[in-house]
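Read the structure below first, then the notes.
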Amino acid sequence: MSHQFNKHFTSEQPATAKVSFNQLGVPVSTEFDDIYFNNENGLAESRYVFLQHNDLPTRWQTSLHNTFTVAETGFGTGLNFLACWQLFQNTAPANKRLHYVSFEKYPLRRADLERALSAFPKLAGLARELLQAYPSAQTGCHRMQFEHNRVVVDLWFGDIHEQLPEWLPQAQNTVDAWFLDGFAPDKNPQMWQPNVFQAMASSCRNAGTFATFTAAGAVRRGLQKAGFNVIKAKGFGRKREMLQGSISKSSQVAAPTSKSVTVVGGGIASACLAWSLTQRGYTVHLITSGIANGASGNAQGAVYPLLHAELSPLSQFFVCAFDHARQFYQSSYSDLWHATGVIQLAFNTIREQRQQKIASGGYYDNHLVTAISAEQTQQIWDALPAQPALYYPSSGWIPPQRLVETILQSCGKLLKITKVTTVESIQRSAAGHWQVSASDGKNFDAETLVVAAGAHTTELLAPWHIVTQNVRGQVTQVEASETSASCPLVVCYKGYFTPAMNDNGGLTHCVGATYNREFSAENYQQVDAADTAENLATLQDNLNQAWTQQLTAVSDRAALRNTTRDHLPACGWLTNNLGMLSGLGSRGFTSAPLCAELLVSQWLGEPQPLANSLIKRLEPQRLQAESA
C-alpha cells in the first residue's frame, strides 16, 4: 500500500513573521503593512468580534458535544486564542473541552510573541503557558495541550492553501465556530479565497457559525456561495460594519457508542493511550504482563527528533511528534522532564557530511536543531571532543519507567489495570466485540480494543498478517566519575551517553545501546558481557577522551524494541473497534504521545493532530504481509 506524499506540505520551514512595533507598542507586519490587533484595545476587539458574535458563552453551555471546536485563519499573536481560553475558563461547564485549530503562514518568533502579548496583563498567566508551549517554526500541525487536555490547540504552520487539504479530510463536520481573521482582504487578498470559505463550510457542524472583522463585499459573497447565511453587524469601535453568520447542514459525525476502551500493553504507548482517553472522560481497561517491563523500562531515555537531510515523511512526522512530546512532558510531568538539550557528535567524516546536509538544507528551525563548530561543542562541555555537532536546544531526557508509572497513576479512577502472565490471542466474539485470552486462562471481553503490545505485536495480530520486527538492545549503566558527573546534556554518537542521575544514592549514567536483529527469543533478557563491552568500547572510540576509559559498569538491562520496515510507527484502526499502536522502535518516548492523540482523535471523529498524508503513512495496513 503506497500513498502519495504532499510535496507542498514538505516545503521548507515557513518564514517567520517580520514584525515592527509602532509607537503604541502594537506589532505591525512588514509583509502586509498591517497591524496585528487594534491600536486602541485589541483584546476588546477580539472579544467583541469573535467571542460575542459567535455567541460562545451561551453555545458551550447548550452544545450537545463534549468538545467545542473553534477554527481560525491567522493565529498571529495568539490574542484570539487567549481571549477565547480565558472566556472558556470563566463560563464553560467543567466537563466541556475546548479544541482550537488555527492556521498561520508566518509564525511569530517567540521573542516577538512575548513582546506583543505583554500589552495584555489580564492574560499574563495564560500567555506564559502559551509561550512555554509555543512550537518551533516548522511546516505542519503542532498539537499543544493545556489544563490536562481540557484545552487543546492544533497550530498549523504554513500557507493555508497548502495546509487545508492536509487538515480538511479528517475534519469534516467537526467545527462549531470559525474566527475568520488575518490581515485585511485588501492587504492580504491571497488568503481570502473561495477554497477557504468552502473549507469552512465543509468543516462546520450543523448550525456552525463564523464571525469576521471585515464587511468586504467579496468576502460576504464568497461565504454566501459556500453556503453560509451571512448578516452584517455593527463593527467594533470606529469600524462601521462586520460580518457574522451560520450554516445549516444535515450531515453529522456519529460518535462512538462505547464508553470504555481495552488496551493491551504496558509501556509508553499504552500509558499515553490511557491518558488521552481518560482525560476525555472515557474508561480504560489496561491488560498487561507488567508496567514498563519491556523497552520502556530503562533508567533514562532521550527525547529528540529524527531528522533527515531532506524533509522526508519520517523526519516531518518526528518534527511534529517531538514538539508535542516536549510540550506534553513539560506541561504535565515537569518534574520528570529534563530539558538539558541533546548533542549529536560528528565523530567521523561520514557523520560530518550528513550533519552538514541537515544543517544547510533550510528545512529546520534553529530552535529545533542547529549546527555548531568543534569549538562550540567544547564550550558546551569541555570534556567533549573537539568535533562539530548538531545541537538540539529544546530536547532532553526522561526516566522512562517512572514516567510510564506516573502517567498511569494520573489517569485516576477511570483506569483499571489487570495483570496477566501473557496475553496469548485476540479473537472476534459473536457480538462483534473482541475476546482477549491470557495464558493463565483468563478471558476478557472488549467492545473496543487497542493493541499496544510492543514486541508481542506480530503474534497478537497474526490474523491480520501484520509484520513488525523485534530488535534486541542492551543498555549499560555506569558509575559516574568526577568528570562525567558534570555532563550537562545527552551526548549522541553511534550510541548515547546520558547526564548523571541519582540511582539509590549514587550517580549513574546510561550508555547504550546495542542493536541486534539476531537473538534468542527465550533468553533475550539475559545480559551479555560482550554487549556491555561493546557499549563502553563505542563510547571510548567515538569520543576518544580519557575520562571514558575510567567508567565502570554497574548494571545492564536488555529488552526488545518493536520496529517497522520503514521506521515509522504503526498507528491506526484495523477495524472500527480494533486499533493498533506499535512499531515505535527506539524513539517511543518521542512518538507515543502524538500517536496516542491521533488514534483517539480518529476514534472520536475529532480534528486530527497530523497532516492527512502523514496519517496515511502511519496506517498499520501498510505492514500487512500481502502489501510488502
Side-chain angles (χ1 to χ4, degrees), residues 9 14 46 50-51 54 56 59-60 63 65-85 87-88 92 96-108 126 130 133-135 138-147 149-182 191 195-205 208-212 226 247 253 276 280 320 323-324 327 594 597-598 600-602 604-615:
F9 177 69
S46 286
F50 300 110
L51 310 187
N54 277 294
L56 294 191
R59 293 179 64 207
W60 47 50
S63 172
H65 302 279
N66 292 333
T67 300
F68 192 94
T69 302
V70 174
E72 173 188 50
T73 58
F75 186 76
T77 64
L79 180 59
N80 292 339
F81 162 62
L82 294 177
C84 184
W85 183 8
L87 185 68
F88 185 78
K96 191 72 70 178
R97 298 175 69 246
L98 173 65
H99 192 151
Y100 196 96
V101 181
S102 188
F103 297 87
E104 178 55 59
K105 184 176 182 179
Y106 297 109
L108 266 74
L126 300 183
L130 173 62
Y134 195 65
Q138 296 287 157
T139 301
C141 181
H142 303 270
R143 174 159 290 190
M144 301 178 284
Q145 296 165 318
F146 304 97
E147 298 183 27
N149 212 9
R150 184 176 181 235
V151 176
V152 175
V153 180
D154 287 342
L155 187 49
W156 288 79
F157 285 156
D159 190 320
I160 192 170
H161 301 298
E162 295 174 2
Q163 300 306 307
L164 277 176
E166 293 287 352
W167 171 76
L168 192 57
Q170 313 293 342
Q172 299 288 316
N173 303 298
T174 60
V175 175
D176 295 285
W178 269 93
F179 295 176
L180 186 51
D181 200 3
M191 192 204 80
N195 65 311
V196 173
F197 307 140
Q198 291 157 7
M200 290 170 59
S202 59
S203 66
C204 270
R205 287 176 170 148
T209 63
F210 82 89
T212 181
I247 192 167
V253 176
S276 288
R280 288 168 169 82
C320 298
D323 253 334
H324 177 69
Q327 193 267 333
L594 184 63
E597 279 291 292
L598 172 61
V600 172
S601 296
Q602 289 175 324
L604 294 174
E606 299 174 350
Q608 291 166 34
L610 206 57
N612 188 53
S613 52
L614 285 173
I615 291 172

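Numbers here are sequence positions counted from 1. The figures here come from the full heavy-atom set of this structure, side chains too, leaving out hydrogens, waters and symmetry mates.
The shortest distance between side-chain heavy atoms of Asn66 and Arg280 does not fall below 4.5 Å. With contacts defined as side-chain heavy-atom distances shorter than 4.5 Å, the pair Lys105/Gln163 does not qualify. Looking at heavy atoms from C-beta onward, Phe50 lies out of side-chain contact with Leu87 at the 4.5 angstrom threshold. With a 4.5 Å cut-off on side-chain heavy atoms, Trp156 and Val101 count as touching. Contact check for Phe103 versus Trp167: side-chain heavy atoms found under the 4.5 Å cut-off. Considering only heavy atoms from C-beta on, Ile615 comes within 4.5 Å of Gln602 through its side chain. Residues Phe197 and Leu180 form a side-chain contact, since some pair of their non-hydrogen atoms from C-beta on lies under 4.5 Å apart. Pro135 has its side chain out of reach of Gln327: every pair of non-hydrogen atoms, C-beta onward, lies at least 4.5 Å apart.
Atoms CZ and OG1, on Phe210 and Thr73 in that order, are 11.5 Å from each other to the nearest 0.5 Å. Once rounded to the nearest 0.5 Å, the distance linking CD of Glu606 with OG1 of Thr67 reads 5.0 Å. Summarising the geometry, atom OG belonging to Ser46 is positioned 7.0 Å from atom CG belonging to Asp181; distances are rounded to the nearest 0.5 Å. Here CG of Leu594 is found 11.0 Å from CD of Gln608. Values are rounded to the nearest 0.5 Å. Here the straight-line distance linking atom CZ of Phe81 with atom CZ of Phe146 works out to 5.0 Å at 0.5 Å rounding. Separating the CG atom in Asn149 from the CE atom in Met144 is a distance of 13.0 Å, to the nearest 0.5 Å.
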Item checked: Glu72 vs Asn80, side-chain hydrogen bond (donor to acceptor under 3.5 Å, both in side chains): CA-CA, chis, key distance, verdict -> CA-CA 9 Å; Glu72 173 188 50; Asn80 292 339; 2.9 Å; yes
Next item on the list: Evaluate the criterion side-chain hydrogen bond (donor to acceptor under 3.5 Å, both in side chains) for residue pair Ser276 and Glu597; output intermediate values, then yes/no.
Entry: CA-CA 6 Å; Ser276 288; Glu597 279 291 292; 2.7 Å; yes
Margin query: Between Val196 and His161, is the side chain to side chain contact (heavy atoms under 4.5 Å, CB included) condition met? List the steps.
Written below: CA-CA 7 Å; Val196 173; His161 301 298; 3.7 Å; yes
Item checked: Cys141 and Leu610: CA distance, side-chain angles, deciding distance, side chain to side chain contact (heavy atoms under 4.5 Å, CB included) verdict -> CA-CA 6 Å; Cys141 181; Leu610 206 57; 5.8 Å; no
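Using a cut-off of 4.0 Å between Lys/Arg side-chain N and Asp/Glu carboxylate O, Glu147 and Arg97 are scored as not salt-bridged.
Using modelled atom types, no side-chain atom of Ser203 and backbone atom of Asn173 make a donor-acceptor pair closer than 3.5 Å. Put simply, the side chain of Glu166 gets close to the backbone of Ser613: a donor and an acceptor are under 3.5 Å apart. The backbone N or O of His65 sits less than 3.5 Å from a side-chain atom of Lys96, completing a donor-acceptor pair. Judged purely by atom type and a 3.5 angstrom limit, Glu104 uses its side chain to pair as donor or acceptor with the backbone of Gly76.
Across all their heavy atoms, Pro607 and His99 have their closest contact at O-CE1, 3.5 Å. In terms of heavy-atom proximity, Ala199 sits nearest to Leu164 at CB-CD1, 3.9 Å. The shortest non-hydrogen separation linking Cys84 to Leu98 is SG-CD2, 4.1 Å. When every heavy atom of Pro169 is checked against every heavy atom of Pro165, the shortest pair comes out as CD-O, 3.0 Å. Considering all non-hydrogen atoms of both residues, Leu130 and Thr77 come closest at CD2-O, 4.5 Å.
In this structure, Phe75 and Tyr134 have parallel ring planes: the angle between them is below the 30° cut-off, well short of the 60° mark. Between Trp60 and Phe68, the ring planes lie perpendicular to each other; the angle is over 60°, past the 30° to 60° tilted range.
Partners of Thr209 under the side chain to side chain contact (heavy atoms under 4.5 Å, CB included) rule, at least two apart in sequence or in another chain, are Asn54, Arg59, Ala177, Ser246.
With no hydrogens or angles considered, a side-chain donor-acceptor pair links Ser601 and Arg143 at under 3.5 Å.
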